[in-house]
Amino acid sequence: MATLDQKSPNVLLQSLCCRVTGKSEAEVAHQFQFAVRVIGSNYAPTIERDEILVSDKIKKELLKQRRAEDAALFSELHKRLQGQAVLKHRWSVLYLLLSLSEDPRKSSSSSRVGAYSSLFAQPLPRDAHSTPFYCTRPQSLSLGYADRPAAGLGSSLGTSGISSLGVYSINGPTPTPQSLLAGQPPVAAAPLGSRLAWALPVNPAPSAAVAPPSSAAAPPASALAPPTARTAPSPKLTRARRDGDASAEVTEATLVRDILYVFQGIDGKFIRMSGQDDGYKIDPKVSLSKSLRDLSSRLSELGWLHNKVRKYTDSRSLDRAFGLVGQSFCASLHEELKEYYRLLSVLHSQLQVEDEQALPLVSSDGSLTLRRLLVWMYEPRFRLKTLAALVDFCQGRKGGELASAVHAYGKTGDPQMRALIQHILSLVSHPILHCLCRWIYDGELEDTYHEFFVASDPNVKTDRLWHDKYSLRKSMIPSFITMDQARKVLLIGKSINFLHQVCHDRTPPGKITAVSKTAENPKDAAELLSDLEGAFQEKIDAAYFDTSKYLLDVLNRNYLLLEHLQAMRRYLLLGQGDFIRHLMDLLKPELARPATTLYQHNLTGILETAVRATNAQFDHAEILKRLDVRLLEVSPGDTGWDVFSLDYHVDGPIATVFTRECMGHYLRVFNFLWRAKRMEYTLTDIWKGHMCNAKLLKTMPELSGVLHQCHILASEMIHFIHQMQYYITFEVLECSWDELWNKVQRAQDLDHIIAAHEAFLDSVISRCLLDNNSRSLLHQLRSIFDQIIEFQNAQDSLYRSALEELSLRLQYDDKKKKREEEGEWGVTVEQEAEEQRRVQDFQKNIPKMSSQLRILTHLYQSIVQQFLVLLMTSPDESLRFLSFRLDFNEHYRAREPRLRASLGATRGRRLSNI
């Protein structure tokens, strides 16, 4: 036989149990098993120096022994003792008395506390006053009475319910002595009744023997009763014992029942909702220990959170104006509350089972306690906190704005919170994504409650469908949809409706773009949200490119959009040179007349003649029938040149690009270009007149100086107009047109074409000095144009007088020759004197003509100098270069000091930039 030192620890521990209890090895199986679990526990025993807790334990033990009067007496004596300053360490005295009453060597008949007080013989566990931070799903808790996990006394004395969360104890399954001695693996834990029996004091009477651990069934209820009273109390008596009398303190069991009601937002017996403090408060008249009060307050938070979420859902569920997105949000909150109610029903069932089994709730390991509730309700409290915070964040929001709020709240590093918000977001965004799919695939917009980020105005007519009917509600764009995606979504549906309503295209949307999987249910919405940069982006891009490409093809093929754009350039912007020149030649006699004498049908006939005589006749018939003549508003003194204008009629789909505002811009530019072209045409006539009449007037030497002045001034004007025409034609129109055409060729949708066209017109207007910033320049330029007209009138008057005088002189010479040939005197003295008087009168008018030309030249040059000064100070670099070309030989710079200063400053700026 092996010596004592050679025995294993298990054998030594079993021998110790036999020595202490005085029983055989077979009879101490339960005590040995309990000792093994205590030694193997990870929780080091500590002592909580809490006087209230010790006094509560003593009172609970007295109540469990049906000694309510003694418990009340003890409570009264303890209060008196607290009022006395005799004892400084009252906790030590109470703990000593409690320890003495729980001494296992003490006979059960000699103590009035009873056998159940032995449950408190063990010291309190470490951190018994705090709530453990443990998270588990409430639905996974096994709360049935028969399925409770096995746990020893140590687990009931401060593990805060952690050991009851599964079918294993803290340190694994509870081993039996036989398995430990034989080295076999541990078996499953014993039932709850057996575990309670282990904690009972040993009774030598045969009737007190407990069932062996091998018994699978729970022991009878009589085995749980104290040795002095073996019969089980009735449920009514148990419930009364839990609640206690009004004069007694509130037990933890009563608080558990109240807390379960508070979880549902219902006031309990001692815990009620305080409207003033906006929270649940414990009745101040109730005497509770600090630990129980703290636990109750922490658990009551779930009721407050539940009420907050429930109030929001109740108030919004019946609000139809809240919309489909809001109802989906309420449905997701209802779903979370349903899971919460499911847990509460399990807890209520557990409480009902304990009432039926008449279990002593204070000491039973499987009973509901505040600490266990705190552990089990950790995750529900976390979810309710998230929902309550989300409800606060979403107040006053609806539609896409509500979805943005939910999405923004999910940007967190907590995976559990992110998963919860993602699930809610999938439900909330389902109506939005479903509406989006119908919009981009069918062009249908059903947004009764104005939740979608695409808005429709039913009052807009068809001709303004593209510009005004549909728009973006920026506040309703969900944050998970970018602005570029929202713009594409708007264009897709708008293009489909434009094709159907304006272009009268009956092609089904399914043939325009392939329909991919739509968001028919929240699961599909969740899949789209999980891949916003992948599948979702591809879905939008595919629909956008297919729909936009088809729309542009229809506009170019059926409605000649690009041809109309080129026609604007050729006719309204004077790009068809032969047509414009011939039209001016035909219109010159008509336009020289007063504006009030013009008739539109006459001008229209001239226009048709010019079309048939030039290359314009080869244009498409659809373009030529839109070309027309327009007379502007007549002002007093206007001639035909001032009121004539070409017009181009647009309607149907092309009116979307060439809007009324755009056509107004075209007319402004045409009038400016037409006037500039008229100046060029006028100066050409002046030059032709000068070339033709110069030889005829050589016989009149007195006119040589005046004719020289005319030639110099005409050259200045021709140089100016030629440079202006070069600037307008090449630097403005051609460059802007080339940029527009490149943009149109690269355009992906109709909006790109419209934007490029509007940018083209804006550039032409600003660079042709027709915008508000160039009014002073335009005023000077028009003054120069007026001076050219004045010069033409002055030169025409000069040539008429000179030619008339020349004609009279020739007639005089012819008459004189003829009379000489007839053998008569050429002229008489009277005729010769009259001829000399007439010549002298003409010669007297020559200084006046010269003076008029000098005044005209001085006025013209002063206006040009002011125009150059404005050009030099312009922020537009092309206008500054124009000033250099206009004054290439510094002719005007030598006359104008301001021009020299401006030129120097400009050169300085250019050098500094270099």
Side-chain angles (χ1 to χ4, degrees), residues 323-325 327-328 399-400 403 426-473 476-478 480-529 531-532 535-555 557-558 653 656 748-751:
L324 298 179
V325 177
Q327 297 302 324
S328 299
S426 65
L427 297 177
V428 170
S429 60
H430 171 243
I432 297 177
L433 295 179
H434 179 68
C435 187
L436 183 146
C437 291
R438 294 195 63 183
W439 172 251
I440 65 176
Y441 292 126
D442 301 325
E444 298 179 1
L445 183 61
E446 295 182 3
D447 189 18
T448 308
Y449 305 105
H450 308 293
E451 302 174 282
F452 195 47
F453 56 86
V454 175
S456 174
D457 188 355
N459 299 321
V460 176
K461 296 182 180 180
T462 306
D463 58 338
R464 297 293 300 176
L465 182 145
W466 186 269
H467 296 281
D468 300 332
K469 189 175 181 67
Y470 302 104
S471 60
L472 282 178
R473 293 192 188 100
M476 290 296 173
I477 299 178
F480 52 83
I481 296 180
T482 63
M483 184 58 68
D484 181 65
Q485 291 174 340
R487 187 188 69 85
K488 289 181 178 179
V489 169
L490 172 66
L491 287 176
I492 294 169
K494 187 164 62 172
S495 299
I496 295 175
N497 286 278
F498 185 81
L499 285 168
H500 292 170
Q501 301 180 33
V502 181
C503 299
H504 305 290
D505 185 84
R506 301 304 176 189
T507 305
K511 293 185 178 181
I512 298 177
T513 180
V515 180
S516 61
K517 185 178 180 181
T518 59
E520 295 293 340
N521 51 60
K523 183 178 179 181
D524 298 334
E527 292 179 359
L528 289 177
L529 291 175
D531 193 12
L532 291 173
F536 184 73
Q537 182 69 37
E538 292 176 1
K539 181 190 293 289
I540 294 179
D541 288 344
Y544 166 73
F545 287 121
D546 293 342
T547 307
S548 299
K549 182 177 182 299
Y550 183 80
L551 174 60
L552 294 182
D553 289 342
V554 169
L555 291 176
R557 182 179 63 254
N558 299 342
T656 302
Q748 296 179 347
D749 55 58
L750 184 56
D751 263 355

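These numbers come from a predicted model, not from an experiment.
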Once you round to the nearest 0.5 Å, how far does [atom1] of [X] lie from [atom2] of [Y]?
X    : Y    : atom1 : atom2 : result
R487 : Y544 : CZ    : OH    : 5.0 Å
I440 : T547 : CD1   : OG1   : 8.5 Å
I492 : I540 : CD1   : CD1   : 6.5 Å
K539 : Q485 : NZ    : CD    : 12.5 Å
T462 : R464 : OG1   : CZ    : 12.5 Å
D751 : L491 : CG    : CG    : 4.5 Å

When you compare the side chain of [Y] with that of [X], does any pair of heavy atoms fall below 4.5 Å?
X    : Y    : result
E446 : C435 : no
Y550 : D546 : no
D442 : I496 : no
L490 : S471 : no
I481 : L436 : yes
Q537 : K488 : yes

- Message: Do the side chains of K494 and D749 get close enough for a salt bridge, i.e. N-O under 4.0 angstrom?
- Response: no
- Can you check side chain to side chain contact (heavy atoms under 4.5 Å, CB included) on T507 and I512, steps first, answer last? CA-CA 7 Å; T507 305; I512 298 177; 4.1 Å; yes
Does any N or O in the side chain of [X] come within less than 3.5 Å of the main-chain N or O of [Y], such that one atom is a donor and the other an acceptor?
X    : Y    : value
Q748 : S548 : no
W466 : F498 : no
D447 : F452 : yes

Provide the closest heavy-atom pair for [X] versus [Y] in the form atom of the first, atom of the second, distance.
X    : Y    : result
D457 : D468 : CB-O, 4.3 Å
C503 : L555 : SG-CD2, 4.1 Å
S429 : S426 : OG-O, 3.7 Å
V428 : P431 : O-CD, 3.2 Å
H450 : M476 : O-CE, 3.9 Å
L445 : A455 : CD2-C, 4.4 Å

- Sequence neighbours excluded, the answer for side-chain contact (heavy atoms from CB on, under 4.5 Å) partners of Q327 is F322
- Message: Applying side-chain hydrogen bond (donor to acceptor under 3.5 Å, both in side chains) to D484 and T482, what does each step give before you reach the verdict?
- Response: CA-CA 5 Å; D484 181 65; T482 63; 5.2 Å; no
